[in-house]
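Following: one structure in structure tokens, then a few remarks.
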Amino acid sequence: MTRSTFNHRLLPWVLLAPQLAVTAVFFLWPAGQAFWQSFLRQDPFGLKTTFVGLGNYAALLADPYYRSALWVTAEFSVATAALSLGTGLILALALERTLRMQRWYTTLLVWPYAVAPAISGVLWWFLFNPSIGILPWLLKGLGYHWDHGLKSGDAMVLVVIAASWKQVSYNFLFFVAGLSAIPASLYEAAAIDSAGPVRRFFTITLPLLAPTGFFLVVVNLVYTMFDTFAVIDATTKGGPGQSTTILVYKVYQDGFVGLNLGSSAAQSVILMGIVVLLTVIQFRVVERKVEY
Amino acid sequence: MAAITLKGLGKSYGSGYAVEGVDLTIADGEFVVLVGPSGCGKSTLLRMIAGLETVTKGDILIGERRVNDVEPAERDIAMVFQNYALYPHMSVRQNLSYGLKNRGMSKAEIDTRITKAAETLELGAYLDRKPRALSGGQRQRVAMGRAIVREPQAFLFDEPLSNLDAKLRVTMRSEIRQLQRRLGTTSVYVTHDQVEAMTLADRLVVLNAGRIEQIGSPLEVYTHPASAFVASFIGAPAMNLLPVRLMSGALAMGDQRIDLPPGLLPPGLPEGAGLLLGIRPEAAVLADTGLGFDIAVSHVEELGAARIVYGQVGGQSLVVQVQAGQDIAPQMRVSFPAAALRLFRADTGKALT
């Protein structure tokens, strides 16, 4: 590899400019605005804006609805990440044992990732629709009456499944790559070392997949916190009650429906803070623990 | 320790055989090297003994026990892999103890064995390191250690030195040999490097295209190759194989005529039969002893201890090795002692002498 250098001092900046401009216009500027707005309060008619300092934050932390949304988000994120990671891993392991048509399975399993979240939401909404859906009908046969419009547990299961579905593809792909990076000779050595398939999985496969796993946990948590708005909006709209109102959905409800822009902005800032914190903690853990 | 017996062993991957008709008995405590070019089936053969490949036909016996359908773990063998296959997330100590723990050995016994192995292989200082913090040679030792702590019936080596640099390879080669002598464990060693094969083996098994070409001690294989293939594979520089024709009791090659001493030619060969005349480059002498050629020298390689002369004779190229400092003329006479000549059939490659 030869290392090329720019002779002109301006040229690197010119080449970087489009990327920097996009980041500034679509990320830094709105984020800065939201940050500033989180210290302001508007009157009901949008005519007057007053600076309230940390007032919006104090109000949020005192608000039982907001605290409930925090809890719902935690539940939803952990359940979605666990379900999509677990399913992705099982499918990836199954693919390793598949001798024929591996590429077909891979292609089919990656497809859901190309489906827009809103469409996947609607799809699951149809499947689980209490009056016309096929799954409630099947569940009825098992003696369970499904109604995500009334039962908050059902609603949570629905949004978790709908949000996981697409993410399974992503996790599957990464796990397949992670598995194929483990040399076959390690399994052979372990087989000669008297480790059966189960022990091989727990002592060889899992530890060696850990870096992939940690990376995916970060990506999945960020996904569940930021990217699942469309799924919630297309299925339960945060209901019944507040049972599926996760933080990002509450940002939308309070800001765009309730027009409480100051509070909504404060929520965005908190949400971003949570994700940044999670990412930092996890990368620290990844650096320290998963080394070999 | 145990003997290993292969009876009519064959392996097919659907179309044709990768290994076929292998009959071999490896005595208890013997060091056998399987050698051949890449794709000759030597690794497949070793992996079949290890239980990592299924057997298509024939039998494998370790000791008296037929192990065709026995799991690798139950065969009581240990294998050293080409890439070492060390568990990257485990320390050296854990790498060594993994197989023993899985067998349910007591902690005290495991510690004793690891201490002993670490002493033998000078690994004591590295026991708590991860493999990535070790050099190639140290990794190689850990891989060896993982095999010896098991105290198995047999060691199987799959090109274990091919990832090391040339100097280290020579050192590790003699260490492996000494270790095996001391432990007296039956060993099967796969390599494509004929020098490694010659130096390590009690017995060599030369493989070509999935079949055994020759079994014998390194010296037997070197001096009496059973076929033209073995002749060209064992020995460096490779044996010269000159196409010749039998003409009224002598060999004709182009305009050169070689009068063979009586008794060298087996009787019953038809006039005009195509033969290959095999001459080891190192058997050449630069004097006229009656049996030899005039060659046109094309170039000379200087090795310090010797010189390798590339020449042409009767449209064929010929390589001879001469002593250092020997003067080389553009045209010169090279001779060979009659005992150094080998004859092979041109069609089948089988040895005639």
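Throughout, protein chains are lettered first and strands after them, A, B, ... in sequence-line order, and every chain is numbered starting at 1.
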For [X], does the [atom1] atom sit with more than 12 other heavy atoms under 6.0 Å from it, leaving out its own atoms?
{"X": "B/K7", "atom1": "NZ", "result": "no"}
{"X": "B/F31", "atom1": "CZ", "result": "yes"}
{"X": "A/Y105", "atom1": "OH", "result": "no"}
{"X": "A/Q19", "atom1": "CD", "result": "no"}
{"X": "A/I119", "atom1": "CD1", "result": "no"}
{"X": "A/M272", "atom1": "CE", "result": "no"}

For chain B, which candidate among A/A184, A/G196, A/A190 shows the most heavy-atom pairs at distances under 4.5 Å?
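That would be A/A190.
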
Mind listing the closest non-hydrogen atom pair of A/S194 and B/N102 along with its distance?
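So the two residues come closest at O-CB, 3.6 Å.
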
Which heavy atom in B/M90 sits nearest to a heavy atom in A/T203, and how many Å separate them?
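Nearest pair, atom of B/M90 first, then A/T203: CE-O, 4.0 Å.
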
What do the steps show when you test B/Y84 against A/L186 for side chain to side chain contact (heavy atoms under 4.5 Å, CB included), and what is the final call?
CA-CA 9 Å; B/Y84 317 138; A/L186 283 188; over 6 Å; no

With a strict 4.5 Å heavy-atom criterion, list every residue of residues 63-80 of chain B that contacts chain A, or say none.
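B/P72, B/A73, B/I77, B/A78, B/M79, listed by number.
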
Which atoms of B/Y87 approach chain A - backbone, side chain, both or neither, heavy atom under 4.5 Å:
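Interface part for B/Y87: both.
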
Between B/P131, B/G51, B/A85, B/A143, which shows the greatest number of heavy-atom pairs under 4.5 Å with chain A?
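Of B/P131, B/G51, B/A85, B/A143, B/A85 has the most heavy-atom pairs under 4.5 Å with chain A.
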
I'd like to know if the side chain of A/D193 reaches the main chain of B/Y98, judged simply by a donor and an acceptor atom lying under 3.5 Å from each other, with no hydrogens or angles considered.
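Such a contact is absent between A/D193 side chain and B/Y98 backbone.
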
Report the distance from atom CD of A/E188 to atom CD of B/E53, rounding to the nearest 0.5 Å.
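Reported to 0.5 Å precision, the distance equals 7.5 Å.
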
